[in-house]
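Side-chain atoms are counted along with the backbone in the values below, which use heavy atoms only and exclude waters and symmetry mates.
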Amino acid sequence: MSRSYAKRAFFALRRSFSPSLVTICVALLLGFSLFAFLYSMSQISRVEEEEEKPFFSDQPREDVVEEEQLWDASFGYGYQPCAKPKRGHQAPQDLERYLTLRSNGGLNQMRTGISDMVAVARILNATLVIPQLDKRSFWQDSSTFADIFDELHFIKTLQGDVRIVKELPKGLESVPRARKHFTTWSGMGYYIEIAELWKNYQVIHVPKSDSRLANNDLPLDIQRLRCRALYHALRFSASIENLGKKLVERLRSHGRYIALHLRYEKDMLSFTGCTYGLSESESEELRIMRENTNHWKLKNINSTEQRIGGSCPLTPKEVGIFLKALGYPPSTWIYIASGEIFGGTARLLDLKSRFPNLVFKETIATQEELKTLTEHASQAAALDYIISVESDVFVPSYTGNMARAVEGHRRFLGHRKTISPDRKGLVKIFDKLERGDLEEGPSLSSLITHMHKFRQGAPRKRYGSEPGIKGRARFRTEESFYENPFPECICKKKKPRRT
């Protein structure tokens, strides 16, 4: 457009307006400009006032945490389980070599140990005999494999990977067998050497099953077999599965729920030497238990140092403060997955004052439904496991075998929300609360929410060993494969091809 044309258009437009209309337009323009100026000055003043306030204000927050932020785990989108064998995966050979084992520890220690031994049987080209479960541990549970797990499902699910039989053939029951304590966190090279035992024996017996395989640097097919064994083959017995699903439905009838793995049992506190908040007589009771438990090597423990280092389970009161600070309302239903709480119901009063809807399996199931489980700790633990895996949010107060197993399973199923408390960081905050340097409210919520922004189960690769640690000791500092089976058993969804 030329300048002369624009000039003519401007004068033509001006002639089309009457003087009175021009006056009105000018007045409106001046009025709008004055309003904009006054509004901008008020905003500048407001910003200056906000800058003079401390970052954490004790005034009620206007930005209430949205429900989706509390419950949803949207960060898991795009990932899926991938435990199927690779193309070309061969069926097991039918060789007369047998691997027997006694699975040690509690329920989750046994489950991960059995999954390891399934993979070891594959590596050794051996037939696996259904494991004998630990009946001598702290839990004194007489349950057999078939009492806890669906035995037939276990055998059928893994038939393309490992040959599994219920018992040794009659002719081999009395033959000499190699009794071998497999080295912990061992790789493929170790088991290739162990295979030399087949030259002299038909049966190898393994007294302990836990942590027999390395977390890392194993073939992809072996890692995925561990996942197939744990997440597909080791299904609980029908009676346990059905009751577990029934209890989940009862909890869901009240809305979404949190499963809290509250490790505040007597044995855990005694083992860790954590006595914060306990009376002198209770602390002495724990010390005596630790002193009299022969296989606990560490006897003299500084409880204060343990707590400052983040090595103590959160107390029930601390858990209540933590969940409230994250934004969960008092109406939230919380299922407590644990054994008997040390100190009984009195120890739960602070937690219950913040979250009245606090339930155990004993309160959502009938005595009739639980009667077969009361004398079997591992079967009861299986119920806790099912309810925890299916929960909307899982919170462990301490990192133990169950906490790791549940977190890994939830990651495998789509990175369901799992909030892992930063115990070391939280101790400093709780101590400030106790001294009166900090109060419950928006400031505390901001601190704790920010601290746990990246501790909610989002996809990430498994952590390796801590720097500076050499030799076999480094394996103890690695993140467990069963705590986070990413990337071997968790894959990015493939985008559909465009046609």
Chemist: Report yes or no: do Asn104 and Asp134 form a side-chain donor-acceptor pair below 3.5 Å?
Modeler: no
Chemist: In terms of heavy-atom contacts, does CZ of Arg250 have more than 12 from other residues, nucleotides or ligands at under 6.0 Å?
Modeler: yes
Chemist: Given 3.5 Å as the limit, does a donor-acceptor pair link the side chain of Asp221 with the main chain of Pro85, or not?
Modeler: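 No, the answer is negative, given that no donor and acceptor are paired below the 3.5 Å cut-off.
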Chemist: Taking everything shown except Asn300 itself, do over 12 heavy atoms lie less than 6.0 Å from its CG?
Modeler: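 No - once you tally the heavy atoms of other residues, nucleotides and ligands closer than 6.0 Å, there are 12 at most.
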Chemist: Could you tabulate the donor-acceptor pairs under 3.5 Å formed by side-chain atoms of residues 234-241, not counting sequence neighbours?
Modeler:
from: Arg235; atom 1: NH2; to: Asp150; atom 2: OD2; distance (Å): 3.0
from: Arg235; atom 1: NH2; to: His153; atom 2: ND1; distance (Å): 3.4
from: Ser237; atom 1: OG; to: Asp147; atom 2: O; distance (Å): 3.4
from: Ser237; atom 1: OG; to: Ser239; atom 2: OG; distance (Å): 3.4
from: Glu241; atom 1: OE2; to: Phe236; atom 2: N; distance (Å): 3.4

Chemist: Say whether, by atom type as modelled, one donor and one acceptor occur between the side chain of Arg416 and the main chain of Arg410 under 3.5 angstrom.
Modeler: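 Here the side-chain-to-backbone pair does not exist.
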Chemist: Is the closest side-chain donor-acceptor distance between Ser103 and Ser209 under 3.5 Å?
Modeler: yes
Chemist: Among side-chain atoms of Thr157 and His232, is any donor-acceptor pair under 3.5 angstrom?
Modeler: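 Their side chains do not contain a donor-acceptor pair, so the 3.5 Å distance test is not met.
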Chemist: On the ring face of Phe394, is Lys417 found with NZ or CZ under 6.0 Å from the centre and within 45° of the axis?
Modeler: no
Chemist: Can you list the residues that meet the side-chain contact (heavy atoms from CB on, under 4.5 Å) rule with Glu280, with sequence neighbours excluded?
Modeler: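 For Glu280, no residue satisfies side-chain contact (heavy atoms from CB on, under 4.5 Å) once neighbours in sequence are set aside.
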Chemist: List in chain and number order the residues that pass side chain to side chain donor-acceptor pair (under 3.5 Å) with Asp431, two or more places apart in sequence or in another chain; answer none if no residue qualifies.
Modeler: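 For Asp431 the side chain to side chain donor-acceptor pair (under 3.5 Å) partners, ignoring immediate neighbours, are Arg307.
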Chemist: Using modelled atom types and a 3.5 Å cut-off, is there a donor and acceptor pairing between side-chain atoms of Asp141 and backbone atoms of Ser378?
Modeler: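 Yes; judged by distance alone, with no hydrogens or angles, the pair exists.
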Chemist: Does either side chain, that of Arg226 or that of Tyr482, offer a donor lying less than 3.5 Å from an acceptor on the other one?
Modeler: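 Present: a donor and an acceptor within the cut-off.
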Chemist: If you measure only the distance, is there a donor-acceptor pair under 3.5 Å linking the side chains of Arg462 and Asn216?
Modeler: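 A pair is found: one side chain offers a donor N or O, the other an acceptor, under 3.5 Å apart.
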Chemist: Hey, does Asp392 have a side-chain heavy atom less than 4.5 Å from the side chain of Arg252?
Modeler: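 They are in contact (side-chain heavy atoms under 4.5 Å apart), so the answer is yes.
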Chemist: Please determine whether a side-chain nitrogen of the Lys or Arg among Lys266 and Glu285 lies less than 4.0 Å from a carboxylate oxygen of the Asp or Glu.
Modeler: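 The answer is yes: the pair qualifies as a salt bridge.
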Chemist: Kindly confirm or rule out an SG-SG distance below 2.5 Å between Cys82 and Cys489.
Modeler: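 No disulfide here.
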Chemist: Between Phe481 and Glu488, is any pair of side-chain heavy atoms under 4.5 Å apart?
Modeler: yes
Chemist: So does Asn292 have more than 12 non-hydrogen atoms from other groups sitting under 6.0 Å from CG?
Modeler: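 Yes.
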Chemist: Can you see which heavy atom on Tyr463 is nearest to which on Glu479, and at what distance?
Modeler: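 The pair with the smallest heavy-atom distance is N-OE1, 2.8 Å.
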